[in-house]
> 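There's a structure below that I have some questions on.
Order of the sequence lines sets the chain letters (A, B, ...), proteins ahead of strands, with each chain counted from 1.
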2 protein chains.
Amino acid sequence: MVDRAPVRTSDLREIPAFHSLPDAQVSSVAALMVRRHFAPGQIIFMEGDKSGAMWFVFSGRVKIIKQSLNGRIQGLCLMDRGKCFGGCSLFDMDHNPATAQALTEVTLFILPEQAVGQMGENDPNLVKVLLHIYSQRLEHLARVSEVLGSWTVADRINDCLLTYINRSVQPPVVDLTHEKLASLSGTVREVVTRHLSLLEKEGVVHNTSGHIIILNPDALLPPCAAESR
Amino acid sequence: MVDRAPVRTSDLREIPAFHSLPDAQVSSVAALMVRRHFAPGQIIFMEGDKSGAMWFVFSGRVKIIKQSLNGRIQGLCLMDRGKCFGGCSLFDMDHNPATAQALTEVTLFILPEQAVGQMGENDPNLVKVLLHIYSQRLEHLARVSEVLGSWTVADRINDCLLTYINRSVQPPVVDLTHEKLASLSGTVREVVTRHLSLLEKEGVVHNTSGHIIILNPDALLPPCAAESR
DNA sequence: GGTTGAATGTGACTCAAATCACGTTTGAGA
DNA sequence: TCTCAAACGTGATTTGAGTCACATTCAACC
């Protein structure tokens, strides 16, 4: 699965974490990276693995999932182009807390563990990259814990719809099955189906197989956000 | 509330985030800090505030809480001596995501926003302090989201008991009312009371007013952790 | 176009946990 | 020791959401 094509500086430029970095450093990081390919369904790493490598999505989509004790699989998030995942052992954790699985054909850039370690030691600019990534995660986790803790299932589904909305087409659309949406919002398919039927009755969305067309995104906003508009 | 007594280097040494820092730097950080005092119940900062200052608990206990839309208050965690909170706007967030309230008499050290900003610029050693704090939070949040997402209420209550157990007395004890425990574990008082009665029947804890005596801490471990013993 | 497996729709049932509504105990201070 | 507010105990009721079971529709591909 290792692709011989090297990681080009211009490729890395597409990844937000490297936007603010001088060219020289981007290319030195690029030299340390490895390009890999995964087919849909392939496991990239498993919950419990000790790898501290960091993974960057160059193309395709990766699913981060977690298996709970009762055997249900909770999707944590989807990683699209430009996103970064893994590297958890750098964050004082001794193993990966979740599993990463390719959802489509994906091309990933890997920054191996020891390379990440060195980055921190040497160069304050590179530390900023790490801080940037940290920030993203903290924000995401803060959000997840807020959402799981206080919202109802209906709100969580709405939130997922807004998170994975694709506005590049008109009207905007969410390319997820009810099944996947259920997993991402921490519930089961039937509940998603029922809630989407409700939303359809209200004229907020339109259901087609495999896609959900969003007619009125604003109606999906949680009450608090709606107030502030 | 500003206390004239300066923050001493030896005071900072008590805080884990500064353990690995050379003396010279600890004292330069100490010079930037301000000591403040809060009475029980006082609000330290509110959800939505934009302050990016970081707060360190020197003595006493602070409660981090979040008000959900339905008006219920969810306690996120308690901060005891040595813990750090706040500074969220440094983490790419534009406002504090939660409220901090003094639970007892507390003495806090504040590292003002611009001081934190400078730290990152200048000294790679100080950046490690930030990374340390980041790591702690990521770990905590990862835990919270795992707990909220997959565990049952009973498991969450057990988890809270273990988190806030005070082992400095024998037998160990948890100094929280059912009400506070309910808030921390994301449920309501009645459910906590009922679950604790159960645990008492099983001989795991003993209930007294305002304190819960833990007779058998191991029995509180979740199934997964229990297996690995 | 007919077959097939995935995706969706829907009713009935179940259950954990929240809510409601009390009564009882506790402990600190007048 | 009396009082009162806070903390605790407990039944009855409600409900959100997960589970089960099965029917229906969709889309891809020979």
Side-chain angles (χ1 to χ4, degrees), chain A residues 40-41 67-75 103-104 147-161 164 173-202 205-213 222-223, chain B residues 40-41 63 68-75 103-104 147-161 164 173-202 205-213 222-223:
Chain A
Q67 180 130 27
S68 69
L69 306 179
N70 55 38
R72 203 163 76 211
I73 287 173
Q74 158 89 40
L103 205 58
T104 64
V147 166
L148 287 175
S150 358
W151 298 4
T152 73
V153 167
D155 288 332
R156 296 212 301 269
I157 297 170
N158 288 347
D159 183 61
C160 271
L161 287 174
Y164 297 107
V173 73
V174 174
D175 291 315
L176 291 169
T177 66
H178 294 186
E179 190 74 52
K180 292 206 177 70
L181 197 50
S183 168
L184 285 167
S185 51
T187 181
V188 292
R189 185 190 57 81
E190 294 92 319
V191 175
V192 169
T193 298
R194 269 190 263 268
H195 181 242
L196 285 178
S197 324
L198 259 181
L199 287 180
E200 184 149 22
K201 275 205 197 82
E202 293 170 7
V205 305
H206 177 63
N207 273 294
T208 65
S209 201
H211 311 273
I212 301 145
I213 299 166
Chain B
K63 183 167 56 165
S68 69
L69 308 177
N70 55 38
R72 203 162 77 208
I73 288 174
Q74 157 91 39
L103 205 59
T104 63
V147 167
L148 287 175
S150 358
W151 298 5
T152 72
V153 166
D155 288 332
R156 296 212 301 271
I157 296 170
N158 288 347
D159 184 62
C160 271
L161 286 174
Y164 296 107
V173 73
V174 175
D175 291 314
L176 291 169
T177 66
H178 294 187
E179 191 74 52
K180 291 207 176 71
L181 198 49
S183 169
L184 285 167
S185 51
T187 181
V188 292
R189 184 189 59 79
E190 294 93 321
V191 175
V192 170
T193 297
R194 270 189 263 266
H195 181 241
L196 286 177
S197 321
L198 258 181
L199 287 180
E200 184 149 23
K201 274 205 197 82
E202 293 169 7
V205 304
H206 176 65
N207 272 295
T208 65
S209 202
H211 312 274
I212 300 145
I213 298 166

> Any side-chain to backbone donor/acceptor pair from A:Arg156 onto A:Ser185? Under 3.5 Å, distance only.
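Yes; at least one donor-acceptor contact below 3.5 Å.
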> Any chance you could lay out the side chain to side chain contact (heavy atoms under 4.5 Å, CB included) test for A:Leu184 and A:Leu176, step after step, and finish with the verdict?
CA-CA 10 Å; A:Leu184 285 167; A:Leu176 291 169; 3.9 Å; yes
> To the nearest 10 degrees, what angle separates the axes at the start and end of the helix from C:dG1-D:dC30 to C:dA30-D:dT1, five pairs each?
30°
> Between B:His211 (NE2) and D:dC8 (P), how many Å, whole number?
9 Å
> If you check the A:Thr187 side chain, which of D:dA7, D:dG18, C:dA7 turns out closest?
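Side chain of A:Thr187 sits closest to D:dG18.
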> Could you check whether the side chain of A:Arg194 and the base of D:dG18 have a donor-acceptor pair of N or O atoms closer than 3.5 Å, going by distance alone?
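No, the side chain and the base share no sub-3.5 Å donor-acceptor pair.
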> Quick one: does B:Ile212's side chain get under 4.5 Å of B:Val173's, heavy atoms only?
no
> Within the structure, does a side-chain N or O atom of A:Ser209 lie under 4.0 Å from either OP1 or OP2 of D:dT25?
no
> Could you walk me through whether A:Asn207 and A:His178 pass the side chain to side chain contact (heavy atoms under 4.5 Å, CB included) test, one step at a time?
CA-CA 10 Å; A:Asn207 273 294; A:His178 294 186; 3.2 Å; yes
> C:dA17 phosphate, OP1 or OP2: any side-chain N/O from B:His195 under 4.0 angstrom?
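For C:dA17, OP1/OP2 do not have a side-chain N/O of B:His195 under 4.0 Å.
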> Assuming nearest nucleotide by heavy-atom distance, tell me which of A:Arg156 and A:Thr208 is located more 5' along DNA chain D.
A:Arg156
> To the nearest angstrom, how far is B:His206 atom NE2 from C:dT26 atom P?
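After rounding, the reported distance stands at 10 Å.
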> Do B:His195 and B:Val192 have side-chain heavy atoms sitting under 4.5 Å apart?
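In short, these two side chains do not touch, never coming nearer than 4.5 Å.
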> Verify side chain to side chain contact (heavy atoms under 4.5 Å, CB included) between A:Leu199 and A:Ile157, making sure each step is shown before the conclusion.
CA-CA 11 Å; A:Leu199 287 180; A:Ile157 297 170; 5.8 Å; no
> Expressed as a whole number of angstroms, how long is the span from B:Ile157:CD1 to C:dA17:P?
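Distance check: B:Ile157 CD1 to C:dA17 P gives 9 Å.
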> State, with a plain yes or no, whether a side-chain heavy atom of B:Tyr164 is found less than 4.5 Å away from one of B:Leu181.
no
> In whole Å, what is the span from the CG atom of A:Leu196 to the P atom of D:dT25?
19 Å
> Round to the nearest Å and state the distance from A:His178 atom NE2 to C:dA7 atom C1'.
8 Å
> Please compare B:Glu200 and A:Glu190 by the position of their nearest nucleotide in DNA chain D and report the one closer to 5'.
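Nearer the 5' end of the strand: B:Glu200.
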> Distance check needed: C:dA18 P versus B:Glu179 CD, whole Å only.
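Roughly 13 Å, once rounded to whole Å.
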> Nearest to the B:Arg189 side chain among D:dA7, D:dA17, D:dG9, which nucleotide is it?
D:dG9
> Considering only C:dA17, D:dG9, C:dG9, which nucleotide approaches the side chain of B:Val191 most closely?
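Ranking C:dA17, D:dG9, C:dG9 by closest atom to the B:Val191 side chain puts C:dA17 first.
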